[in-house]
Amino acid sequence: MKILEDVLALYKLDARNFRINAIGTGLINNTWVVENDSEKYILQKINNAVFKDPFLIADNIDKIEQFLKTSNREYFFIPLMKTATGLSMVQINDDLYFRMFPFIPDSHTLDVVETPDQAFEAAKQFGQFTKVLSGFDINTLNITLPHFHDLSLRYNQFIEALQKGNTERIRETSALIDTLKKHVGIVEEYNNIIHNPGFKLRVTHHDTKISNVLFDKQGKGICVIDLDTVMPGYFISDMGDMMRTYLSPVSEEESDFSKIEIRDEFYNAIVEGYNYYMNDELTEVEKRYMLYSGKFMIYMQALRFLTDYLLDDVYYGARYEGHNYIRAQNQSILLQKLIEKETLIAS
Ligand code: GN1
Ligand code: MG
């Protein structure tokens with residue numbers, strides 16, 4: 001791709017000397033590995049239909065880098081590479097945005113959580129990230145995606161989609177629509193939380209799936225990656241998205257819903273891993289919302305997938321007919337399974 005060659009040139013890298021291969025499973029950005037026998041980099045294109053001002057992201061990453069340089073030099077942090085003219089991000093052909101990171105030697109990512117130990121390691125990393133930034137002034141963070149995890153807003157967007165969405169799809173999904181409406185209590189609880197002084201806003205990652213953690217050869221966590229959605233937030237976002245994506249052996253993509261289940265030992269691993277650094281940081285009030293966090297994030301994702309389906313897949317896209325409907329049903333079943341556990345798991 002010519003455009004990638006142009007981008008590399010801005011970093012003083014000659015594309016003719018590198019192999020460039022697309023990687024990654026994210027729904028939003030594009031990622032490539034750029035490598036030869038002696039050098040290796042990660043190149044990413046930021047989706048600016050989603051992130052309206054990608055420079056806000058680069059600025060957040062730079063600010064965090066600066067903060068950690070003075071407050072915590074031991075913490076392993078991957079800075080943005082700078083272009084030949086010292087920029088942290090590249091804007092090219094008017095509306096294409098790219099950035100680069102060094103590849104961390106001997107690191108790898110996982111797409112699926114197979115063992116409780118992996119869940120523990122990942123949760124420990126996300127907890128550590130918030131912990132090392134506890135002295136960072138959250139008011140200086142840019143809001144890269146306004147209202148990203150605002151469940152109230154997500155619910156309203158769902159209700160709006162029922163009015164102006166694809167009528168055929170609304171009819172087709174009526175049973176799921178009813179099911180999701182019945183869970184509106186999760187939104188009411190969220191509205192209590194944001195007014196509860198026992199809940200604190202902290203530097204929050206907001207995308208804690210396993211593929212956003214780097215692991216070393218021994219399977220130990222190295223650090224978290226993908227800081228696009230780092231913003232002030234509540235711990236239920238990070239804890240909850242781990243529950244959403246680590247508890248079940250299958251992901252939101254699975255269409256055989258009989259495979260969806262809650263693995264108890266993974267629940268404990270997530271809580272223990274997160275508490276490794278965050279136990280002293282979380283308030284007593286927050287600690288009562290471990291299980292709720294899973295309901296919060298799973299419900300929000302079910303709403304987002306179904307809303308997108310009703311709006312003809314404008315946000316997430318679809319690789320096959322009905323893709324977002326499958327994802328929404330999957331998340332709704334996962335939510336149901338977690339609620340069934342509620343009485344069994346002490347929250
Ligand atoms: C998106 O692109 P990716 O996979 O990192 C989304 C998350 C969703 C996730 C569902 C900016 O993340 O909120 O949980 O898809 N990110 C954005 O797979 O919308
Ligand atoms: Mg992401």
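In each ligand, atom 1 is the first atom listed, and ligand 1 is the first ligand listed.
Note on ring orientation: taking the six-membered ring where Trp is involved, the planes of Y289 and Y292 are perpendicular (angle over 60°, cut-offs 30° and 60°). Using cut-offs of 30° and 60° for the angle between ring planes, the H206 and F148 rings count as perpendicular. Ring-plane geometry between Y309 and Y325 is classed as parallel, the angle between the planes falling under 30 degrees on a 0 to 90 degree scale with a further cut at 60.
Looking at every heavy atom in both residues, T179 comes nearest to H183 through O-CD2, 3.3 Å. The heavy-atom pair separating E265 from P116 by the smallest distance is CG-CG, 3.6 Å.
Neither the backbone nor the side chain of Q331 has a heavy atom within less than 4.0 Å of ligand 1. Contacts of D228 with ligand 1, taken as heavy-atom pairs under 4.0 Å, are absent altogether. With a heavy-atom cut-off of 4.0 Å, L145 touches ligand 1 through its side chain alone. With a 4.0 Å cut-off on non-hydrogen atoms, H206 does not touch ligand 1 at all.
Shown in contact with Y315 at under 4.0 Å from a heavy atom are these atoms of ligand 1, numbered in order with element: 11 (C), 17 (C), 19 (O). For ligand 1 and R244, the ligand atoms under 4.0 Å from any heavy atom of the residue are 10 (C), 14 (O). The atoms of ligand 1 that sit less than 4.0 Å from any heavy atom of E252 are 10 (C), 18 (O). The contact set between ligand 1 and Y316, taken as ligand atoms under 4.0 Å from a residue heavy atom, comprises 8 (C), 15 (O).
Under the side chain to side chain contact (heavy atoms under 4.5 Å, CB included) criterion, E340 pairs with Q336, sequence neighbours left out.
H147 NE2: 12 or fewer foreign heavy atoms inside a 6.0 Å radius.
Polar contact with ligand 1: present for D207 (N/O pair, distance under 3.5 Å). Any N or O atom pair closer than 3.5 Å counts here, and I28 shares at least one such pair with ligand 1.
Y277 does not carry K131 over the face of its six-membered ring by the limits of under 6.0 Å from the centre and within 45° of the normal.
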Exercise for review: Apply salt bridge (Lys or Arg N to Asp or Glu O under 4.0 Å) to E286 and R202, showing your working.
Suggested key: CA-CA 12 Å; E286 288 171 317; R202 302 185 180 82; 2.8 Å; yes
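At a 4.0 Å cut-off, not a single heavy atom of M297 sits close enough to ligand 1 to count as contact. At a 4.0 Å cut-off, not a single heavy atom of R327 sits close enough to ligand 1 to count as contact. Ligand 1 lies within reach of K209, whose nearest heavy atom is under 4.0 Å from it.
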